[in-house]
Q: 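One structure coming up, written as structure tokens, with questions to follow.
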Amino acid sequence: MQAISNLLLDKFHDLSDPEFIRDFESVAQIQKVKQGEMIIDYGDFISFVPLVISGLIKVSRTNEEDREILLYFLSGGDTCASSFSCCMIKKRSEIQAIAEEDSTLIAIPMEAADRWMSEYKVWRDFVFSNYDQKMYQLIDTIDRLAFSQLDQKLIDYLEDRSRFTDDGVIHVTHSVIAHDLNVSREAVSRMLKKMENQGMVTLERNSITLND
DNA sequence: ACATTAAGTGATT
DNA sequence: AATCACTTAATGT
């Protein structure tokens, strides 16, 4: 039980309250997910709040016309903002979370996450600041979908994703990008080629490097 | 060696 | 910019 709180403190420094940690240890569960694994699907009843320790999670939503839109990514130190609201009002999930890489999560039972809101200031602050942060990311996403042309969308997308790598190499195929941005694969390939000619990126099979 | 998948390209709408 | 048809290159079995 020592290990799990170390994981917590390593990625979530804001939650370092001794009393909280003790309570946390009694309910938290480590959950490992493999790349491509569906963590939350539409209509799932969410019974826990996930805290992401490592890896990368893609949170997205698909509309009636089967178009998937990317909402945001979660990496170490993040939590799923919409899972809170989902839990609190006992609603089924409106979104989908898929592991983009092998990832490690800590699952907090909804009952505890709820109770902590009134018991621990560190937890409450953490939840709200995270919610706020994710809201801004969502606004960015909306801007991107509504107003940007493909070149800008691509740059934003790549910058967004490169924040989650330490060597600047993004492991992704053109068709995955195309899918995330709701454009054709050919358009992505052509645009990336242009960007490569301008020296902005370096292209390899299955990976893209963003050059400042 | 062969099949599959990723990426590049030109033509058409 | 999307779709189609096709080519080329890399990777897996």
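Throughout, protein chains are lettered first and strands after them, A, B, ... in sequence-line order, and every chain is numbered starting at 1.
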Q: Strictly by modelled atom types, are A/Ser93 and A/Asp41 linked by a side-chain donor-acceptor pair under 3.5 Å?
A: no
Q: Hey, are A/Tyr120 and A/Asp23 close enough side-chain-wise for a donor-acceptor pair under 3.5 Å?
A: yes
Q: Taking the side chain from A/Ser5 and the backbone from A/Leu8, do they hold a donor-acceptor pair closer than 3.5 Å?
A: no
Q: Describe, as an angle rounded to 10 degrees, how the axis at the first end of the helix from B/dA1-C/dT13 to B/dT13-C/dA1 is tilted relative to the axis at the last end, five pairs per end.
A: 10°
Q: Please enumerate all residues that pass side chain to side chain donor-acceptor pair (under 3.5 Å) together with A/Lys134, with sequence neighbours excluded.
A: A/Asp78, A/Gln137
Q: For the pair made of CG in A/Leu181 and C1' in C/dA2, what is the distance, rounded to whole Å?
A: 15 Å
Q: Where along nucleotides 7-13 of chain B does protein come under 4.0 Å, by heavy atom, of base (B) or sugar-phosphate alone (S), with - for untouched nucleotides?
A: BBBB---
Q: Quick check for you: to the nearest 0.5 Å, what is the distance between A/Leu7 atom CG and A/Leu51 atom CG?
A: 11.0 Å
Q: Are there over 12 heavy-atom neighbours, none belonging to A/Phe45, within less than 6.0 Å of that residue's CZ?
A: yes
Q: Does CE belonging to A/Met38 count more than 12 external heavy atoms closer than 6.0 Å?
A: yes
Q: What I want to check is whether the side chains of A/His171 and A/Ser207 have a donor and an acceptor closer together than 3.5 Å.
A: no
